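Report on one structure; see the data block that follows.
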Amino acid sequence: ALSDKLEGVLGRLKGRGVLTEQHISDAMKEVRFALLEADVHFSVVKSFVADVREKCLGQDVLGSMTPGQQVAGIVQRELARLMGGTQSPLNLSPDDLTVVLMVGLQGSGKTTTTAKLANRLKTQGRRVLMVACDLQRPAAVEQLKTLGRSIDVPVLDPQPAGGDPVAAAKEGLAHANAQRYDVVLFDTAGRLHVDGDLMDQLVQVRDAVQPRETLLVADAMTGQEAVNIATSFHAALGLSGIVLSKLEGDARGGAVLSMRQVTGCPVKFVGVGEKIGALETFHPERMAGRILG
Amino acid sequence: ASGHDRIDEALLEEVEEILITSDVGAAATTRFLKTVDNEVRYNRLTDPARMWEILRDDMLRSLARCGDRKLTVSASPTVVMVVGVNGVGKTTTIGKLAARYKAEGHKVMLAAGDTFRAAAGEQLTLWGQRLGVEVVRQQEGADASAVAYDACQAAMARGVDLLLVDTAGRLHTNVNLMAELEKVRRVIGKVIPGAPHEVVLVLDANTGQNALSQAKTFVDSAGVTGFVLTKMDSTARGGVLVNLVETYQRPVYFIGLGEQAEDLTPFDPEGYVAALFG
Ligand SMILES: Nc1nc2c(ncn2[C@@H]2O[C@H](COP(=O)(O)OP(=O)(O)OP(=O)(O)O)[C@@H](O)[C@H]2O)c(=O)[nH]1
Ligand SMILES: Nc1nc2c(ncn2[C@@H]2O[C@H](COP(=O)(O)OP(=O)(O)OP(=O)(O)O)[C@@H](O)[C@H]2O)c(=O)[nH]1
Ligand SMILES: [Mg+2]
Ligand SMILES: [Mg+2]
């Protein structure tokens with residue numbers, strides 16, 4: 001673990017002499033290595049380590065009897081701070097329809113997360129509708145409908161002529177308003193952040209439904225591309241939050257630090273399994289510890 | 001790749017950034033930089049162009065460990081199990097493989113071995129219809145091993161050349177699900193001796209270092225024989241492959257480059273390295 005490595009680099013100096021800048025540099029190498037192994041982006045690691053290094057050159061580290069622990073503590077605190085200190089709930093409208101748009105790369109967990117969120121909102125006493133706007137993946141609509149049946153939440157499957165997701169979204173919004181739902185969740189097709197046409201299409205969907213929440217569902221095991229992915233989706237749509245999926249595995253999840261750094265968006269939820277109930281609120285401290293390994 | 005006229009700190013940082021941002025990983029990157037360092041110290045390397053050549057060759061040498069075994073249809077039927085964590089592209093890859101091998105004149109059959117996830121059977125059935133390939137499936141919630149059993153029997157009875165067995169996505173950290181996979185493999189082996197002839201681990205190119213953890217568990221407990229790396233049409237460069245191939249020395253059969261049946265291409269190490277170093 002990083003704390004052990006830091007003890008190894010700095011702990012041996014206890015009482016044997018002055019901690020120097022070189023020692024701190026060696027410690028920062030360990031921090032850097034740990035973060036890169038955890039999939040934090042190269043440039044995010046660079047600026048993070050530079051900031052932490054500054055803080056480590058203060059008297060609480062240099063004069064400490066347990067400098068290794070001091071550095072580990074500073075790193076953990078800084079990381080937790082960057083994760084977003086407080087928990088960020090879903091932004092629900094007090095009296096109007098709340099529109100939630102689910103977006104992200106192929107296979108990240110959007111459809112499953114849509115159902116998890118719908119279930120959570122339903123158990124909180126709200127009238128929820130899900131709208132199937134993925135008209136391209138084979139059986140995507142069927143997948144959302146099956147999930148909807150399992151949680152007793154209605155799924156609108158507009159099937160507009162021409163198979164245009166924008167038309168489907170418009171129809172979904174109209175239905176949600178007409179039937180006075182509290183929350184409407186739009187599931188969309190997975191797409192690459194570099195697919196110009198599909199990103200344009202998503203912008204049109206967003207314009208059509210005017211979401212209060214635009215959530216990027218991102219895989220916890222995402223690597224260095226997390227920066228590109230988050231930046232592109234945020235620039236195109238204006239994200240309001242991130243949901244990290246598949247977090248119950250052993251992925252360190254450094255992608256979340258990268259995504260937070262480039263979007264400033266809060267991580268609203270984490271997916272911790274395939275079952276409907278496997279959705280938890282995000283814990284910044286816990287995530288920081290996990291990334292550090 | 002840039003306007004450097006000598007090998008200095010700035011150039012080495014550039015090398016490091018390319019490798020790290022390609023998901024090659026910190027440890028492997030350190031090794032590549034050490035190679036350059038040794039060349040500079042002991043072989044008087046001074047030319048940046050030569051440095052890039054050495055790096056490319058070093059990486060190609062690592063990738064050569066994958067050998068050149070191809071995914072061949074030889075037994076009757078050849079049974080290929082497709083495994084991997086959730087959402088990486090297993091089902092879609094099976095569709096692509098079916099299209100390819102059918103076009104080559106083989107009789108292909110698909111087994112809807114994902115009996116857990118919503119509409120998994122429907123998804124594979126649609127692929128089967130699209131390609132004119134038979135799909136063996138049971139209802140959702142059925143035993144995956146039972147589907148595998150049925151499919152193997154059907155494949156033998158119908159003179160199928162290639163049986164592609166889809167499996168549910170599962171995190172390698174889930175002990176029970178890995179055990180279920182092992183059971184499916186055993187059942188296949190009981191029906192058709194020597195099967196499955198291939199266990200293909202599908203990995204997502206957007207995945208970071210966790211790909212190595214996935215590979216370790218799947219290779220150890222699922223008997224993986226080769227890899228497919230999907231979603232290389234993303235900006236991801238799939239650098240984890242370097243470590244993967246060097247460690248497990250198994251072939252990378254194909255690269256996935258999109259969501260349609262034709263978006264599958266044989267792994268080309270030269271092209272891969274060229275793209276990585278851009
Ligand atoms: N283990 C685990 N699996 C998850 C989690 N969330 C989703 N999944 C699984 O990940 C796979 C992909 O989920 P989907 O909901 O189909 O993903 P998607 O983003 O809608 O995919 P596309 O529509 O193809 O882009 C499925 O097997 C899900 O069951 C999670 O938190 N943990
Ligand atoms: N861009 C791109 N998308 C891909 C590729 N391969 C698969 N996909 C997409 O990734 C998503 C997930 O694909 P699936 O085939 O359902 O993945 P899976 O591994 O079977 O998922 P589970 O069964 O839920 O674990 C779908 O939207 C596919 O169209 C690829 O090479 N490139
Ligand atoms: Mg989906
Ligand atoms: Mg599948």
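Order of the sequence lines fixes the chain letters, A, B, ..., with proteins taken first and strands second; residue numbering starts at 1 for each chain. These figures come from a predicted structure and were not determined experimentally.
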Chain A contact via [X] - which portion, at a heavy-atom distance below 4.5 Å:
{"X": "V85(B)", "value": "side chain"}
{"X": "D233(B)", "value": "both"}
{"X": "T91(B)", "value": "neither"}

Checking D250(A) against H172(B) for the side-chain contact (heavy atoms from CB on, under 4.5 Å) test, could you report, in this order, the C-alpha distance in whole Å, the side-chain angles of both residues, the deciding distance, and whether it holds? CA-CA 9 Å; D250(A) 62 356; H172(B) 50 297; 2.8 Å; yes
Taking only heavy atoms into account, what residues of residues 205-218 of chain B are found under 4.5 Å from chain A?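 Under the 4.5 Å heavy-atom cut-off, N206(B), T207(B), G208(B), Q209(B), N210(B), S213(B), Q214(B) qualify.
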How about residues 117-129 of chain B versus chain A: which residues have heavy atoms under 4.5 Å apart?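 Counting heavy atoms that sit under 4.5 Å from chain A, the residues of residues 117-129 of chain B involved are R117(B), A118(B), A119(B), E122(B), Q123(B), L126(B), W127(B).
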So, do [X] and [Y] sit near enough that their side-chain heavy atoms are less than 4.5 Å apart?
{"X": "T146(A)", "Y": "E140(B)", "result": "yes"}
{"X": "M221(A)", "Y": "V88(B)", "result": "yes"}
{"X": "H193(A)", "Y": "T235(B)", "result": "yes"}

So which heavy atom on F33(A) is nearest to which on A26(B), and how close?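 Minimum heavy-atom contact is CE1-CB, 3.6 Å.
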Between Q224(A) and D23(B), what is the shortest heavy-atom contact and its length?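 Between these two residues, the closest heavy atoms are N-OD1, 2.9 Å.
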Only one of I18(B), I20(B), L19(B) forms a side chain to side chain contact (heavy atoms under 4.5 Å, CB included) with F42(A), so which one is it?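 The passing option is I20(B).
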I need the full list of salt bridge (charged side-chain N to carboxylate O under 4.0 Å, His left out) pairs touching residues 131-142 of chain A, with sequence neighbours left out, sorted by first then second residue.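 Salt bridge (charged side-chain N to carboxylate O under 4.0 Å, His left out) check on residues 131-142 of chain A returns E142(A)-R149(A).
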F32(B): what forms a ring-ring contact (aromatic ring centres under 6.0 Å, His included) with it, not counting sequence neighbours?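 Applying ring-ring contact (aromatic ring centres under 6.0 Å, His included) to F32(B) gives none.
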Would you compute the distance between atom [atom1] of [X] and atom [atom2] of [Y] and round it to the nearest 0.5 angstrom?
{"X": "Q106(A)", "Y": "K231(B)", "atom1": "CD", "atom2": "NZ", "value": "6.5 Å"}
{"X": "N86(B)", "Y": "E274(A)", "atom1": "CG", "atom2": "CD", "value": "4.0 Å"}
{"X": "E259(B)", "Y": "R191(A)", "atom1": "CD", "atom2": "CZ", "value": "9.5 Å"}
{"X": "D204(B)", "Y": "L105(A)", "atom1": "CG", "atom2": "CG", "value": "7.5 Å"}

Give, as side chain, backbone, both or neither, the part of L144(A) having an atom under 4.5 angstrom from any heavy atom of chain B.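 The answer is neither part of L144(A).
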Which bit of N228(A) comes within less than 4.5 Å of chain B, counting heavy atoms only: side chain, backbone, both or neither?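 Answer is side chain: those atoms of N228(A) sit under 4.5 Å from chain B.
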Looking at E13(B) and K46(A), does any basic side-chain N land under 4.0 Å from a carboxylate oxygen?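 Looking at E13(B) and K46(A), the cut-off is met.
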Tell me if the CD atom of E182(B) is crowded by more than 12 foreign heavy atoms within 6.0 Å.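 Yes - once you tally the heavy atoms of other residues, nucleotides and ligands closer than 6.0 Å, there are more than 12.
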For R130(B), does the CZ atom sit with more than 12 other heavy atoms under 6.0 Å from it, leaving out its own atoms?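 Counting neighbours around CZ of R130(B), more than 12 heavy atoms of other residues, nucleotides or ligands fall under 6.0 Å, so yes.
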May I ask you to name which of G87(B), G89(B), G25(B) has the most heavy-atom pairs under 4.5 Å with chain A?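 With the most close heavy-atom pairs to chain A, the winner is G87(B).
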